[in-house]
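Accompanying notes for the structure given below.
First the proteins, then the strands, lettered A, B, ... as listed; each starts at 1.
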Amino acid sequence: MVSMDPGIWVTALLSLFIISFVYRDNIFFRFALYTSVGAGMGHFAAVSINTINQLGLQTLLKGDLRFVLGLVFGLSLLSRISYKYSWLSKYGNAVLFGISAGVMGGKAVKTMIIDQIILTILPLNGVPLLTMVSNIISVVAAVTSLSYFLFTIGNKGSLKTSQNIGRLFLIFAVGASLAGRWSWAINATHSLIDLIFKTWLGIL
Amino acid sequence: MSDDASFTKIKYVTILLFLGAILLPKVVPLGLPVAISDKTRETFTYMESIEEGSIILINWDVCPGGELPIGYPLVDLITHGMEKNLKFVAFGTVQPATGPLGQEVFMKWVDWGDYKYGEDYVYIGFLPGLETAMAAVATDFKGIVKEDIFGSSIDKLPLLQQIDDYKDLGAVILATDWSHMPAAYSRQWDKEGLLTIAIAHSGLLPDLLPYYPTAINAIMLGTSSAAEYEYLLGKPGKAIVATDVLSSAQIMIIIFGIGSNILPLLSQSKKGEN
């Protein structure tokens with residue numbers, strides 16, 4: 001049975017408008033595209049205003065002054081609207097960059113460098129044969145792929161063979177990633193078909 | 001026929017065949033075999049090991065279109081967790097659109113049964129701030145979470161009152177299809193003794209593996225993992241049909257891939273002979 005929910009109708013029609021691009025660029029596709037961008041921006045603005053209100057203004061009104069500096073620096077970002085006062089925004093940006101670098105930088109050393117070096121130190125003794133082969137391949141792949149990125153040396157000399165092997169592993173990784181993304185696309189299409197035939201038209 | 005017209009014809013035929021490959025298993029279930037992978041078994045064992053009544057935090061950051069491959073495994077993990085009386089809290093940090101999408105999956109796809117909203121499960125929605133928000137949730141939960149997606153204050157949500165930081169959690173589930181999330185998550189949530197399970201689509205495996213098994217303890221990949229998990233749970237469901245769809249469409253893509261590369265070669269060699 002066809003759905004009577006107006007929300008489902010809007011979702012299904014906009015989805016059909018978007019996939020009409022497969023045929024060619026058309027007015028329905030553009031309508032859906034602009035609607036999506038507009039709705040997304042509106043939602044983003046509403047969520048942002050609510051967050052500033054909840055985390056900033058309401059907290060301040062309760063007497064908690066921790067967010068005063070945050071609000072001041074946040075407001076300084078709005079100065080970009082004015083050509084004359086846009087220089088004020090650099091302070092807000094400096095705080096944003098500083099905090100982001102601090103939050104990410106320190107922890108990146110452990111998780112992205114030390115832990116990953118440890119992960120390439122793999123056992124060859126006391127493990128099943130297949131695991132041993134897999135461990136050897138992992139280490140060879142890591143070392144040769146890294147050698148590919150030694151751009152100062154270039155693809156020549158003693159590193160040439162290693163770099164060429166590394167390039168092969170990189171191609172395999174990209175291939176695996178691409179195949180995975182196809183799976184994502186299939187699932188997205190499946191989702192769309194479910195929406196149109198099952199939820200909207202009630203056929204399947 | 002000109003090359004352009006011929007290309008357009010091939011394009012439409014390809015699209016129709018691709019859609020047919022997706023529709024066929026939905027009309028006639030193929031029942032293709034599902035082999036349970038070690039990674040899915042590992043996730044199942046980890047879920048079994050979580051202490052009864054613990055709180056599970058779910059970081060849901062999924063784009064529209066990704067709800068199927070990420071949503072099905074998440075629903076299975078929650079269904080399993082409900083057997084152990086686990087509690088669930090979900091939030092997102094990447095983009096506001098993940099809020100309503102996560103709400104649909106978290107609130108409507110899961111059969112919550114006797115679970116009560118606010119006491120056993122809560123959906124917070126989107127928290128702006130990307131990685132800084134993730135860091136804040138891990139270390140100062142009540143400092144950043146003030147209300148749920150419906151605007152109810154955390155004072156009225158008993159489940160959220162029990163969380164101060166990551167030490168109050170039994171596990172964290174990272175459900176994402178953003179390639180930068182595994183690294184960001186690993187930086188902020190790599191905590192001693194905290195179980196972490198990642199759910200992603202299979203294209204994200206190269207982004208997840210560098211953090212497995214140090215920062216990420218277990219990985220579930222898309223609808224196929226969900227189908228395997230449904231077998232382990234003894235509750236076959238939607239993911240098994242979705243896996244049939246995936247297999248059927250992938251077979252079609254393989255045929256296209258081989259055909260589109262070999263046929264031109266054959267026609268070229270024929271031209272050469274003539």
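For B:Y12, the OH atom counts as densely surrounded, since its 6.0 Å shell holds more than 12 non-hydrogen atoms of other residues, nucleotides or ligands. Enclosure of atom CG in A:L130 is not indicated, since only 12 or fewer non-hydrogen atoms of other residues, nucleotides or ligands lie within 6.0 angstrom. Summarising the local packing, CZ of A:F151 is surrounded by more than 12 heavy atoms from other residues, nucleotides or ligands at distances under 6.0 Å. Within a 6.0 Å radius of CG in B:D155, other residues, nucleotides and ligands contribute more than 12 heavy atoms. Within 6.0 Å of atom NZ in B:K238, 12 or fewer heavy atoms from other residues, nucleotides or ligands are found, so the atom counts as exposed in its surroundings. Within 6.0 Å of NZ in B:K156 there are 12 or fewer heavy atoms belonging to other residues, nucleotides or ligands.
No part of A:F172 comes within reach of chain B, as not one of its non-hydrogen atoms sits under 4.5 angstrom from that chain. Only the backbone of B:Y212 comes within contact range of chain A, with at least one heavy atom under 4.5 Å from a heavy atom of that chain. With a 4.5 Å cut-off on non-hydrogen atoms, A:D64 does not touch chain B at all. In this structure, chain A has heavy atoms under 4.5 Å from both the backbone and the side chain of B:L246. Looking at A:A173, the atoms closer than 4.5 Å to chain B (heavy atoms on both sides) all sit in the backbone: N, CA, C or O. Residue B:A249 touches chain A through both its backbone and its side chain, counting heavy-atom pairs closer than 4.5 Å. Only the side chain of B:P206 has a heavy atom closer than 4.5 Å to any heavy atom of chain A.
For chain B, the option among A:M104, A:M112, A:K198, A:Q58 with the highest count of heavy-atom pairs below 4.5 Å is A:M104. Your options are B:G99, B:P69, B:A200, B:S224, and the one with the most heavy-atom pairs under 4.5 Å with chain A is B:P69. Residue with the most contacts toward chain B among A:L178, A:V47, A:L55: A:L55 (heavy-atom pairs, distance under 4.5 Å). Note on B:P64, B:S202, B:P100: by heavy-atom pairs under 4.5 Å with chain A, the leading option is B:S202. Of the listed residues (B:L221, B:L205, B:L23), the one with the most heavy-atom contacts under 4.5 Å to chain A is B:L23. Note: B:G203 leads B:G203, B:A21, B:A242 in heavy-atom pairs under 4.5 Å with chain A. Counting heavy-atom pairs closer than 4.5 Å to chain A, the top residue among B:L204, B:D207, B:I22, B:V27 is B:I22. Taking chain A as the reference chain and counting heavy-atom pairs below 4.5 Å, the highest number among B:L127, B:I70, B:L130, B:I144 is found for B:I144.
In this structure, CD on B:E67 lies 10.0 Å from CG on A:D194, to the nearest 0.5 angstrom. Interatomic distance, A:T189 OG1 to B:L68 CG, rounded to the nearest 0.5 Å: 10.5 Å. Here the straight-line distance linking atom CZ of A:R181 with atom OG of B:S179 works out to 6.0 Å at 0.5 Å rounding. We find the CD1-OH distance between B:I15 and A:Y23 to be 12.0 Å, quoted to the nearest 0.5 Å. From B:Q188, atom CD reaches atom OG1 of A:T111 across 8.5 Å, with rounding to the nearest 0.5 Å. In this structure, the separation between CG on B:L19 and CD1 on A:I19 is 7.5 Å, given to the nearest 0.5 Å.
In terms of heavy-atom proximity, A:W184 sits nearest to B:G66 at NE1-CA, 3.6 Å. The minimum heavy-atom distance linking B:P96 with A:F44 is given by the pair CG-CD1, 2.9 Å. Looking at every heavy atom in both residues, A:S183 comes nearest to B:Q250 through OG-NE2, 2.8 Å. For B:P128 against A:T51, the heavy-atom pair with the smallest separation is CG-OG1, 3.3 Å.
Residues A:I118 and B:T214 have side chains not in contact (no heavy-atom distance under 4.5 Å, counting atoms from C-beta outward). A:N187 places none of its side-chain heavy atoms less than 4.5 Å from the side chain of B:H201. Using a 4.5 Å cut-off on side-chain heavy atoms (C-beta onward), A:I186 and B:I253 make contact. Two residues are said to be in side-chain contact when any heavy atoms from C-beta on lie closer than 4.5 Å; A:Q54 and B:E147 meet this criterion. Residues B:R187 and A:K110 are not in side-chain contact: their nearest non-hydrogen atoms beyond the backbone lie 4.5 Å or more apart. B:Y211 is not listed as a side-chain neighbour of A:L119, based on a closest heavy-atom distance of 4.5 Å or more.
The main-chain N or O of A:V22 is found under 3.5 Å from a side-chain atom of B:K11 such that the two form a donor-acceptor pair.
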Run the numbers on A:D115 and B:D190 for side chain to side chain contact (heavy atoms under 4.5 Å, CB included), then give the verdict. CA-CA 11 Å; A:D115 279 357; B:D190 183 16; 3.5 Å; yes
Residues A:V103, B:M134; criterion side chain to side chain contact (heavy atoms under 4.5 Å, CB included); working and verdict: CA-CA 10 Å; A:V103 165; B:M134 289 169 80; over 6 Å; no
